[in-house]
K.L.:
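One structure follows; several queries about it will come next.
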Protein chains: 2
Amino acid sequence: MAQGPGGSGQHGETLLFLTDEQLRKGIEAMFFAYKGFTSDPDRILEERGYGRAHHRAIHFIHRSHGTTVNNLLAILGVTKQSLNRVLRTLIEDGLVESRVGTRDKRERHLFLTERGLVLERELSDAQQARVRDAFRAAGPGAVAGFRTVLEAMMDPDMRRRYQRLTENGR
Amino acid sequence: MAQGPGGSGQHGETLLFLTDEQLRKGIEAMFFAYKGFTSDPDRILEERGYGRAHHRAIHFIHRSHGTTVNNLLAILGVTKQSLNRVLRTLIEDGLVESRVGTRDKRERHLFLTERGLVLERELSDAQQARVRDAFRAAGPGAVAGFRTVLEAMMDPDMRRRYQRLTENGR
DNA sequence: GTTTTATGTCAGCCTTGTTGACATTGCTAG
DNA sequence: CTAGCAATGTCAACAAGGCTGACATAAAAC
């Protein structure tokens with residue numbers, strides 16, 4: 001039976017969504033969408049002399065108040081030298097505070113200061129506005145599919161971290 | 001009526017998928033997924049002394065045989081100096097051919113050589129394998145949603161370019 | 001014939017990733 | 001208690017790949 005373009009059965013029948021052309025579309029969509037995804041925060045960051053790396057650090061420190069440097073390294077997947085360069089400027093500029101651990105005094109626990117929270121909100125608002133518009137335009141079903149595919153695209157380690165983050169909530 | 005978490009109505013009712021928490025999940029999913037998305041090609045490129053920028057150029061030259069430099073610049077969204085650095089090495093290494101335009105002799109039309117096509121396939125295979133697995137695991141409905149959301153997330157200019165690309169097919 | 005367009009190139013700067021080496025502090029196991 | 005490992009910070013050097021600004025050439029367009 002003929003199947004309309006984009007149509008598809010339940011499981012493993014024609015799998016029209018797995019043709020080379022469909023895969024290429026998916027790949028290009030990721031490329032163009034990621035560009036848009038980062039563009040608004042990037043503009044704000046540039047005004048303040050920060051880069052995308054600062055945004056990532058700020059985001060995950062906000063997300064997990066009091067996280068340790070090691071944990072942040074694992075989430076971001078960069079070297080400690082690379083993270084440290086960014087972290088140092090954020091601490092010097094008074095956006096991030098680093099407190100010595102109470103149980104283990106080797107650890108440093110990271111927190112956003114008042115000023116850090118202000119920038120976080122500004123970046124977050126910009127990025128969330130775009131994502132919210134996209135989600136609203138696409139609808140709940142599409143959003144569910146979006147997250148399912150993205151999750152399946154992660155490396156297993158990162159998927160675990162991601163899921164751990166989202167389970168615990170804030 | 002009570003609605004389960006993640007559940008939602010058709011249109012603009014509770015909009016549980018637009019809460020801050022949901023938006024944050026979407027944002028983090030993009031971050032982690034994009035990391036996975038680029039990791040396989042990155043490994044291959046590194047072996048050959050190329051970077052992600054080379055991959056992007058190769059991809060879009062393959063996608064649009066004979067495209068001009070200006071067109072490629074617009075798609076990639078970088079400066080000509082940045083693109084030129086990459087393009088020059090690809091031409092020197094014999095992966096890309098640059099032919100003077102016939103109608104307009106100022107233009108250069110770009111093509112992949114035999115060797116360029118070989119690398120393109122290798123990169124493409126690696127990236128497509130991951131996307132294919134993710135698509136297969138998620139199912140056709142999720143894939144449709146995935147693309148809908150990504151498309152809504154692009155800047156309008158880029159969305160137009162993206163749609164033009166996918167309409168014309170290869 | 002002047003101006004605009006498409007392209008290439010040089011030089012220099014920035015962010016952000018990398019490796020390697022080394023120091024400090026504090027926890028932990030023997 | 002001491003040796004070793006862990007968590008962190010730091011210095012130096014390098015690379016990729018963005019950016020700006022300036023300048024050159026050839027061809028098209030007006």
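Side-chain atoms are counted along with the backbone in the values below, which use heavy atoms only and exclude waters and symmetry mates. Below, chains carry the letters A, B, ... as their sequence lines are ordered, and counting in each starts from 1.
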K.L.:
How many Å lie between CD on A:Glu46 and C1' on C:dT16, as a whole number?
P.N.:
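Going from CD in A:Glu46 over to C1' in C:dT16 covers 15 Å.
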K.L.:
Taking only the side-chain nitrogens and oxygens of B:Asn70, find out if one of them lies under 4.0 Å from OP1 or OP2 of C:dT7.
P.N.:
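So the side-chain polar atoms of B:Asn70 do come within 4.0 Å of the phosphate oxygens OP1 or OP2 of C:dT7, strictly under.
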K.L.:
In whole angstrom, what separates B:Arg48's CZ from D:dA15's C1'?
P.N.:
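In whole Å, D:dA15 C1' lies 19 Å from B:Arg48 CZ.
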K.L.:
Are more than 12 heavy atoms from other residues, nucleotides or ligands located less than 6.0 Å from atom CD of B:Glu46?
P.N.:
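No, CD of B:Glu46 has 12 or fewer neighbouring heavy atoms, counting only those of other groups under 6.0 Å.
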K.L.:
Rounded to the Å, how far apart are A:Asn84 CG and C:dG17 P?
P.N.:
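Answer to the nearest Å: 13 Å.
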K.L.:
Choosing from C:dT16, C:dT7, D:dG18, which nucleotide comes nearest the side chain of B:Thr68?
P.N.:
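Of C:dT16, C:dT7, D:dG18, C:dT7 is nearest to the side chain of B:Thr68.
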K.L.:
How long is the gap from CG on A:Asp125 to CG on A:Asp40, to the nearest 0.5 Å?
P.N.:
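So the gap between those two atoms works out to 11.5 Å.
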K.L.:
Quick one: do B:Arg63 and A:Glu21 make a salt bridge, cutoff under 4.0 Å?
P.N.:
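Salt bridge between B:Arg63 and A:Glu21, a charged N being under 4.0 Å from a carboxylate O: yes.
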K.L.:
Flag the pair A:Asp133 and A:Arg130 as a salt bridge only when some basic side-chain nitrogen lies within less than 4.0 angstrom of an acidic carboxylate oxygen.
P.N.:
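Result for this pair is no, no salt bridge flagged.
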K.L.:
Rounded to whole angstrom units, what separation is found between the OH atom of A:Tyr50 and the P atom of C:dT16?
P.N.:
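Between P of C:dT16 and OH of A:Tyr50: 11 Å.
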K.L.:
Any protein N or O atoms within reach of nucleotides 10-14 of chain C? Criterion: under 3.5 Å, listing atom names and distances.
P.N.:
unit_1: C:dC10; atom_1: OP2; unit_2: B:Arg88; atom_2: NH1; d: 3.4

K.L.:
Could you state the atom-to-atom distance from CZ of A:Arg52 to P of D:dA16 in whole Å?
P.N.:
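So the two atoms are 19 Å apart, to the nearest Å.
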K.L.:
Should the ring pair B:His65 and B:His62 be called parallel, tilted or perpendicular, given that the plane angle runs from 0 to 90° and is split at 30 and 60?
P.N.:
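The arrangement is perpendicular - the two ring planes meet at more than 60°.
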K.L.:
Would you say the side chain of B:Arg106 and the base of C:dT5 hold a donor-acceptor pair, judged only by whether the two atoms sit under 3.5 Å apart?
P.N.:
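Between C:dT5 and B:Arg106, which were checked side chain against base, a qualifying N/O pair under 3.5 Å is present.
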K.L.:
A:His54 near the nucleic acid: base, sugar-phosphate alone, or nothing, with a heavy-atom cut-off under 4.0 Å?
P.N.:
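The residue A:His54 makes sugar-phosphate contact but no base contact.
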K.L.:
Would you say A:Thr79 reaches C:dG17's phosphate, i.e. side-chain N/O to OP1/OP2 under 4.0 Å?
P.N.:
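Answer is no, no contact under 4.0 Å.
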K.L.:
Starting from C1' on D:dA27, measure out to NE2 on B:His109 and report it in whole angstrom.
P.N.:
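So the NE2-C1' distance, B:His109 to D:dA27, works out to 13 Å.
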K.L.:
Aromatic rings A:His54 and A:Tyr50: how do their planes relate, parallel, tilted or perpendicular, breaks at 30° and 60°?
P.N.:
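Tilted: the ring planes of A:His54 and A:Tyr50 meet at 30° to 60°.
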K.L.:
Going by modelled atom types, is there a donor-acceptor pair between the base of C:dT25 and the side chain of A:Lys105 at under 3.5 Å?
P.N.:
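No.
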K.L.:
Establish, yes or no, whether a centroid distance under 6.0 Å links the rings of B:Phe17 and A:Phe146.
P.N.:
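No, they do not, as the ring centres are separated by 6.0 Å or more.
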K.L.:
Pick the nucleotide of DNA chain C nearest each of A:Arg108 and A:Leu83; which residue has the one closer to the 5' end?
P.N.:
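Nearest-nucleotide comparison on DNA chain C picks A:Leu83.
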K.L.:
Quick check on DNA chain C: between A:Asp104 and A:Gly51, whose nearest nucleotide comes earlier from the 5' end?
P.N.:
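The residue mapped nearer the 5' terminus is A:Gly51.
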K.L.:
May I have the distance from A:Lys80 (atom NZ) to D:dT10 (atom P), rounded to whole angstrom?
P.N.:
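Checked: the NZ to P distance equals 11 Å.
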K.L.:
Hey, does the side chain of B:Ser82 come within less than 4.0 Å of D:dG17's phosphate (OP1/OP2), counting only N and O?
P.N.:
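No.
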K.L.:
Rounded to the nearest Å, what distance is computed from the CD atom of residue B:Glu92 to the C1' atom of nucleotide C:dT9?
P.N.:
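Answer to the nearest Å: 12 Å.
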